[in-house]
**Q** 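Attaching a single structure in structure tokens format; questions to follow.
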Amino acid sequence: MEIEGPSEVNANIVESDNLNDSLFWGNEDQAGVEEIENEINGNWPVTSLNEARLNAKAKRRLRKNSSRDSGRGDSVSDNGESSRVVLPTSPRAKLMDRKSRTGKGRGLPKKGGAGGKGVWGPPGQVYDVEEIDVKDPNYDEDQENCVYETTVLPLDEKTFEKSVTPIVQEYFEHGDTNEVAEMLRDLNLGYMKCGLPVLAVSLALEGKASHREMTSKLLSDLCGTLLSTADVEKSFDQLLQELPELVLDTPKAPQLVGQFIARAVGDGILSKNYIDGYKGTVDCDHSRAALNRATVLLSMTKGGRKIDSVWGSGGGQQPVKKLAKEIDMLLKEYLLSNDVSEAERCLQELEVPHFHHELVYEAILMVLEATGDTTYKLMLNLLAALWKSAVITLDQMKRGYDRIYSEIPDINLDAPHAYSVLERFVEDCFKAGIISKQIRDLCPSRGRKRFVSEGDGGRLKCESY
């Protein structure tokens, strides 16, 4: 095997240099030629050769991609990052150029300012009444005499309960029957009118006594406007039939439904012969109990007058004077029975948590006007029990004491020892944890007067005036 001499090697190198100028090699392949020379000379390490091969391969790939994407204006930077360049002669350049070339524009808005989303014309334009074209192929002679009205489909059972239930529950909050009537007029109840009293009574059975009183008022106000007497009778017939199911959720449902029937007869929305029509025809024990309850309540009234107190005297809809009278009777009964739990139950049945400050005021007033210590101790125990059970809140307690503090000068006229008794009672309430230090510090105290008269020697009176 013959070994090439230096002259032959140099000849090969020269030939490789000539190849760079041929059609098959360009300036971009100079790195590849240098790789070949270094391989021949054996000067480069293996890692450098590998890097050179990878760089050459990457450049060949980029050269193919650049030739393929030349029409789209893609170019490759020196770092190998591709950047989007739009050539001025490419068709896409004309599309991306937003500069007007026509020379017609004067910088004014399009369509004289009448263009754009939600614009019906230029400012100040007044539209005339559109005239009907008789020659229009879609013209209809009866079109001019048409009257368009909004029709509401009647409610079915599912949509009825879904639509009316929020209205009744909201009524329990505001108590305005006129608003309920307006909202129900917007709904086409249709044949579901009979279901309105049924739904209202069913919701009231699960609520409070005040809700039942409000339901009775609602039925009385709606009868004659939205409901007829026949609709109310059908509703109570349905309630008597559904009593076995209502008892599962409300065990006292028969007695409560009987009270609703008696109240409806007393309000005149049910006929007086309604209960007589069921005599001897009732097989259900719950229905019989409801009718018996209604009969007993109606027999207790004289002259067919209304039964106003069938649901008690509680609720925020009651007059203030009536609520104050109920609280006064509650405290007097407590002083006789000394039963704290009964007094707490009666207070909660009134359902007036915003009026509990009246009880605090009346209790302290009885303490100031009492002569013995019995009332003092009983009222202190009552306020402590109501405070611990959270029946009376801190706000109501403070309002009751503030009323006493502001009226103590007038109270002192009837009870001369009111100041001293009040100071002692407030201090005991603070020690029992009923009131805070802030309320105790607000307690007024009348200063002791010094009398320098004959024989007293400048002594201080032991009593406060």
**Q** To the nearest 0.5 Å, tell me how far D339 CG sits from L382 CG.
**A** 10.5 Å
**Q** With distance as the sole test, does S406 use its side chain to make a donor-acceptor pair with the main-chain N or O of R403 at under 3.5 Å?
**A** yes
**Q** I need the L219 CG to F260 CZ distance, nearest 0.5 Å.
**A** 7.5 Å
**Q** Do the non-hydrogen side-chain atoms of I275 and L298 ever get within less than 4.5 Å of each other?
**A** yes
**Q** List the atom of I327, the atom of F355, and the distance in Å for their closest heavy-atom pair.
**A** CD1-CD2, 3.7 Å
**Q** Among Q241, K234, Q238, which residue meets the side-chain contact (heavy atoms from CB on, under 4.5 Å) test with V198?
**A** Q238
**Q** Could you go through the side chain to side chain contact (heavy atoms under 4.5 Å, CB included) check for L331 and M379 one step at a time?
**A** CA-CA 9 Å; L331 293 175; M379 291 304 176; 4.3 Å; yes
**Q** Would you mind telling me which of V282, V257, L239 makes a side-chain contact (heavy atoms from CB on, under 4.5 Å) with S287?
**A** V282
**Q** Is the backbone N or O of E427 less than 3.5 Å from a side-chain atom of R440, with the two atoms forming a donor-acceptor pair by type?
**A** no
**Q** Would D267 and R263 pass as an ion pair if we require N to O under 4.0 Å?
**A** yes
**Q** Give me the ring orientation class for F172 and H211: parallel if the planes are under 30° apart, tilted from 30 to 60°, perpendicular past 60°.
**A** parallel
**Q** Looking only at heavy atoms, which two atoms of A418 and L368 are closest? And how far apart?
**A** O-CD2, 3.7 Å
**Q** Would you give the length of the straight line joining atom CG of L347 to atom NE2 of H356, rounded to the nearest 0.5 angstrom?
**A** 4.0 Å
**Q** For F430, enumerate each residue passing the ring pair (Phe, Tyr, Trp, His ring centres under 6.0 Å) test, keeping only those at least two apart in sequence or located in another chain.
**A** none
**Q** Quick check: does any side chain N or O of S220 sit under 3.5 Å from a backbone N or O of S216, one acting as donor and the other as acceptor?
**A** no
**Q** Given side chains that start at C-beta, do those of V247 and P254 come closer than 4.5 Å, heavy atoms only?
**A** yes
**Q** Please report the C-alpha distance between E333 and L336 in whole Å, then the side-chain angles of each, then the deciding distance to 0.1 Å, and finally whether the side chain to side chain contact (heavy atoms under 4.5 Å, CB included) criterion is met.
**A** CA-CA 5 Å; E333 290 179 2; L336 295 175; 5.8 Å; no
**Q** Under 4.5 Å between any side-chain heavy atoms of L227 and I269, yes or no?
**A** no
**Q** I'd like to know whether CD of E245 has more than 12 heavy-atom contacts from other residues, nucleotides or ligands below 6.0 angstrom.
**A** no
**Q** Taking it one step at a time, do L323 and E358 satisfy side chain to side chain contact (heavy atoms under 4.5 Å, CB included)?
**A** CA-CA 9 Å; L323 292 175; E358 179 69 19; over 6 Å; no
**Q** Is any side-chain N of the basic residue among E182 and R185 closer than 4.0 Å to the acidic one's carboxylate O?
**A** no
**Q** For side chain to side chain contact (heavy atoms under 4.5 Å, CB included), just list the numbers for L203 and Y171, CA-CA rounded to whole Å, side-chain angles, deciding distance to a tenth of an Å, and then say yes or no.
**A** CA-CA 11 Å; L203 294 175; Y171 165 70; over 6 Å; no
**Q** Check for a donor-acceptor pair, side chain of D231 on one end and backbone N or O of S228 on the other, with a separation under 3.5 Å.
**A** yes
**Q** Can you tell me if T159 and D156 form a side-chain donor-acceptor pair at under 3.5 Å?
**A** yes
**Q** When rounded to the nearest 0.5 angstrom, what distance separates CG in D402 from NE2 in H357?
**A** 11.0 Å
**Q** Measuring from N381:CG to N338:CG, what's the distance to the nearest 0.5 Å?
**A** 7.5 Å
**Q** If you compare all heavy atoms of A204 against all heavy atoms of T215, which two are closest, and at what distance to 0.1 Å?
**A** CB-OG1, 3.3 Å
**Q** So, K322 and E326, do they make that salt bridge, N to O below 4.0 Å?
**A** no
**Q** Where the side chain of T165 meets the backbone of K162, is there a donor-acceptor pair that is under 3.5 Å apart?
**A** no
**Q** I'd like to know whether R288 forms a salt bridge (charged side-chain N to carboxylate O under 4.0 Å, His left out) with D285, so could you lay out the CA-CA distance, the side-chain angles of the two residues, the decisive distance to 0.1 Å, and finally the verdict.
**A** CA-CA 5 Å; R288 190 181 300 108; D285 296 336; 2.8 Å; yes
**Q** So F236 and Y274, would you call those rings parallel, tilted or perpendicular, with 30° and 60° as cut-offs?
**A** perpendicular
**Q** With a cut-off of 6.0 Å (strictly less than), are more than 12 heavy atoms of other residues, nucleotides or ligands near CD of E342?
**A** yes
**Q** Return the OG1 to CG distance between T375 and L380, rounded to the nearest 0.5 Å.
**A** 12.0 Å
**Q** Could you pull out the closest heavy-atom pair between P444 and E423, with the gap in Å?
**A** O-OE2, 4.0 Å
**Q** Taking the side chain as every heavy atom from C-beta outward, state whether Y401 and I404 have any pair of such atoms under 4.5 Å apart.
**A** no
**Q** For L386, is there any backbone N or O sitting under 3.5 Å from a side-chain donor or acceptor partner on S389?
**A** yes
**Q** Strictly distance-based, threshold 3.5 Å: is any side-chain N or O of Y191 a donor or acceptor partner for the main-chain N or O of P154?
**A** no
**Q** Do H417 and Y419 make the cut of ring centroids closer than 6.0 angstrom?
**A** no
